Amino acid sequence: MINTRVLISLKWFLAALLLVAAVGILGAWALYTAEPQRSGQLKLAGLQEPVSVSYDAWGVPHIDAQNDHDAYRALGYLHAQDRLFQMDMLRRIGAGRLSELFGQDTFETDRFFRSLGISRFARQYAQRLDAQRLDAQRQETNSEKPHVELIQAYQAGINHYIDSGKVPLEYRLLLTRPDYFDIADIAHVMGYMAYSFAEAFKTDALIDHVRGNLGERHAQDLVPGWPETMPPRRIVDGGVSGLLDPLLQQISKAEEQLPAGQFLGSNAWVVNSTRSLSNAPLLANDPHIGYSAPAVWFEAHIRTPEHEVYGHFLAGIPFPLLGQTRRHAWGLTMLMNDEVDFYRERVNPDNPNQVRAGDAGWQNLTLHEEVIKVRGHEDRLLRMRSSRHGPIINDPMPGIPLNAETAARPPVSLFWSFLNPDNDAAEAFYGLPRANTMEEFEQAAALHGSPGLNLIYADIDDNIAMWAIGTLKRWPSSNNSYSLLSGSSGRDDFLGYQPFSANPRVINPSSGHIFSANNPYPGSGTRRVLPGYYAPSERAERLKELLDNDEQFDLARFKDMQLDTRRPQALAVLDDALPLLSEQLLSNDLRVPAAKAAEILSQWNGAFTGEQVGATLFQRWQDQLMEALFADELGPQFAVFRNTEMAEKSLFSLYWKPASPWWDNRLQPVMDGRQAAIEQAWVKTIESLSAELGTNVDRWTWDQVISLQHTHPLSERMPLGRFLDSQQVAVDGGAESLNSMSFNTGEGHYRIKAGPSTRRLVDLSDMNRSLGINPMGQSGNPFNDHYQDQAELFNQGRYRGQLFDWQAIKALPDQLTLQPSPAGR
């Protein structure tokens, strides 16, 4: 008779075998049904001439076409072959259409994005471009803007793939199919990107909460902008506080549901020939974006008689946001300017659908109706309102009964530069690769509206430059960016946008270098005073330290800089805190590890590499110190606050302000004061690490507490979804090092959520020397060889070449020819 324990083991073994078999069958099925075609011939309707495509060893298509129209039609098809589901996810987030795929779970996320007005803007954008096209047809001219023609060609390529290509695995698992792309979807994708860039959605709401619940003194000690350069704040109309608390709740819930990474920050720098060992400018760029599977960027190389570019493309956008040509190269970082403001509206006591508009008297709120389709449920009708400033963002959810509190809550409207009817970011990115001079490049850059970006540039004529691109607001002196503004008085009303010529810029500085790490532009002139939600200063300070010297650079040195993990600001704080970190604060059984930990910190060099114990100790102590400083005052809002950039900036600012009221402990008055908070944070650091990793301090290395895993949108939504994720690995880097790895704090294990979405290095002396790396791979098919074939290189801090030589490209083994075919075939 078989032992019961043996029977149970056999059952588990058979279950495991069945699971492995199921995954294997699923993989084979996926390969057969969704594998992109990278050689041979394909028919593509709408082409004017055949298009040759050469795929390199990393799955990057090199597209050789006889005209731009054919090139971008081919790009749309090829992009969809590898990334259709990702394209669909990005447009659905901005459009508020996730529930069509995922059902009731994502309804509140859809409602939140609808409330921002992105979908209405996208419809208006499409109507405007369509009206231009019809007007051109009526006048029998070719006045339609060329970027619109190429958007349409690109989307026609996507739609042809939807019609005739293989169905991606995700749609088969969801038992559905994608619908067609149209012009509005460009705006949906850009809207999501602009939302990700707008730190004000959280920051302004948190400051309003602090001012309303804690008072002006607490609010003044927070740092939403750049340390020590904040404008004065004032209180607007008194009355109800916490008007933006519902917004914080919506944001927190929505971001838990997002099936794509957010855009968080970036590094970029450039040196001219006098600072370069190759005697030509060098450019480095690593945009920081939320990690997901597949990776953010799709690389493609396009050559036509009109232009040539090697670019990094965002899913659903036909023009490269990052790129290089034979004449120039460019990169991007977030400008971090203030594009968002919130207005507290004054309601007419005799008519709740009217608000005061200064001297113009009472004005009606505009009612918008939108329908959200929810899979498996009835459609949901939304009724949303907007004022002259923008959408009302604190109306209660449908179905929630009004109580005395919500009924008395004044409406708050959103002003957002992205919603400017003239905003058309696509036109600028169309022009960047086609520029032949720095002046032409600047003219193209001037067309960009929103979101605000830093555009960093180098060319073969030895020019280096950086422009703040985007429409920058003119505001009255009463506006200080971070306050809830008066919607009724007229004193805070928007005054229009300044001309691009007034935007900050740096062109060919005498230093021979330019850098951006989401910091303000240098100098103190009027044109450079730009209110914004800038990143903590550590990365900018580190770049300044590494570049402000007489060193000459090559790409090898640029690699070292991109992979740099040191945090000098952390060391400055430790120099002050170490005398207080006594082992006598701990219980007897933890005094030996506490003494060892303090000794390690005293010798730590500030690096966040895998073998460093100091990195683990400092990060955990910083987490505990932040909790001691802010948690008692902020209560439930602390969970949102602790993972904002304002939290990091405020912590390092307040550390040197012992008189700040934030050091008062409301829950435990005996723990009041800066010294008590520092000591208590140290006690909790040793206690928590000992409980999690044991009392052998030498084992508290950074690689034991941090990991990177790229998760697929279906990871939590399907029974086998986790098999679509990448492997979990430890990597070097910290939250504010140049090799930036961002994670949520307050957790025992730091799961990286964002970091370098690509690392690019360009030497203008020879484009074939250009280097790059993708955190995963080119393909979005989880079973394709190029799904994560670059992951190991990326995790190890290695790079790969980017082919620019057509003689070598034409010799590649994977050659695909796209042939014209009649429409519909």
Side-chain angles (χ1 to χ4, degrees), residues 565 567 570-571 573-632 638-639 642-643 647-648 651-652 655 663 665 667-668 670-709 728-737 741-753:
T565 68
R567 292 185 58 187
L571 295 178
V573 169
L574 278 179
D575 287 344
D576 179 82
L578 273 169
L580 302 177
L581 308 185
S582 168
E583 67 272 16
Q584 299 302 316
L585 299 167
L586 280 296
S587 58
N588 289 335
D589 58 323
L590 292 179
R591 287 180 180 176
V592 171
K596 178 70 176 292
E599 180 185 0
I600 288 173
L601 272 182
S602 70
Q603 299 172 11
W604 180 48
N605 65 0
F608 281 73
T609 52
E611 76 284 358
Q612 294 284 350
V613 174
T616 305
L617 289 166
F618 178 81
Q619 185 63 55
R620 185 61 60 88
W621 176 72
Q622 178 182 319
D623 294 353
Q624 299 292 351
L625 186 61
M626 186 172 292
E627 186 164 345
L629 192 57
F630 298 112
D632 55 325
F638 177 65
R642 76 184 310 159
N643 292 310
E648 182 96 0
L651 174 66
F652 281 99
Y655 184 84
W663 292 108
N665 193 310
L667 301 179
Q668 294 178 288
V670 71
M671 299 302 297
D672 270 355
R674 177 177 177 269
Q675 179 172 337
I678 291 171
E679 292 174 345
Q680 183 64 18
W682 180 243
V683 170
K684 290 186 176 180
T685 295
I686 301 302
E687 289 177 344
S688 63
L689 288 173
S690 297
E692 295 162 19
L693 301 174
T695 56
N696 184 348
V697 178
D698 290 330
R699 294 181 178 176
W700 298 357
T701 53
W702 186 236
D703 58 12
Q704 294 298 304
V705 298
I706 191 168
S707 65
L708 169 61
Q709 183 176 40
Q728 186 169 299
V729 296
V731 296
D732 293 343
E736 291 303 327
S737 59
M741 296 292 171
S742 299
F743 42 80
N744 287 337
T745 60
E747 301 175 0
H749 189 88
Y750 301 119
R751 292 172 176 83
I752 295 169
K753 63 181 182 181

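Worth saying up front: this structure is predicted, and the values here are computed from it rather than measured.
Heavy-atom minimum distance, Arg699 versus Gln704: O-CG, 3.5 Å. When every heavy atom of Trp663 is checked against every heavy atom of Ala677, the shortest pair comes out as CZ3-CB, 3.5 Å. Smallest separation of non-hydrogen atoms from Ala607 and Ala615: O-CB, 3.7 Å.
Just one residue in the list Leu574, Leu571, Asp623 forms a side-chain contact (heavy atoms from CB on, under 4.5 Å) with Phe618, and that residue is Leu574.
If you take CD on Gln619 and CD on Gln624, they are separated by 11.0 Å, rounding to the nearest 0.5 Å. Going from atom CE of Met741 over to atom CG of Asp732 covers 8.0 Å, rounded to the nearest 0.5 Å. The CZ atom of Phe630 sits 11.0 Å away from the CZ atom of Arg642 when rounded to the nearest 0.5 Å. Here the OG1-CD distance, from Thr565 to Gln612, works out to 7.5 Å after rounding to the nearest 0.5 Å. Interatomic distance, CE of Met626 versus CZ of Phe638, reported as 6.5 Å (0.5 Å rounding). Rounded to the nearest 0.5 Å, atoms CH2 (Trp700) and CG (Leu689) are 5.0 Å apart.
Under the rule for a ring pair (Phe, Tyr, Trp, His ring centres under 6.0 Å), the partners of Trp702 that lie at least two apart in sequence or sit in another chain are Phe608, Tyr750.
Remark: Arg567 engages Glu648 in a salt bridge, criterion side-chain N to carboxylate O under 4.0 Å.
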Please output the side-chain donor-acceptor pairs of residues 595-603 that fall under 3.5 Å, not counting sequence neighbours, one pair per line with the distance.
| unit_1 | atom_1 | unit_2 | atom_2 | d |
| --- | --- | --- | --- | --- |
| Lys596 | NZ | Asp698 | OD1 | 3.0 |
| Lys596 | NZ | Asp698 | OD2 | 3.3 |
| Ser602 | OG | Glu599 | O | 2.5 |

Please list every donor-acceptor pair under 3.5 Å in which a side-chain atom of residues 577-585 meets a protein atom from a residue at least two apart or in another chain.
| unit_1 | atom_1 | unit_2 | atom_2 | d |
| --- | --- | --- | --- | --- |
| Ser582 | OG | Gln584 | N | 3.0 |
| Gln584 | OE1 | Arg591 | NH1 | 3.3 |

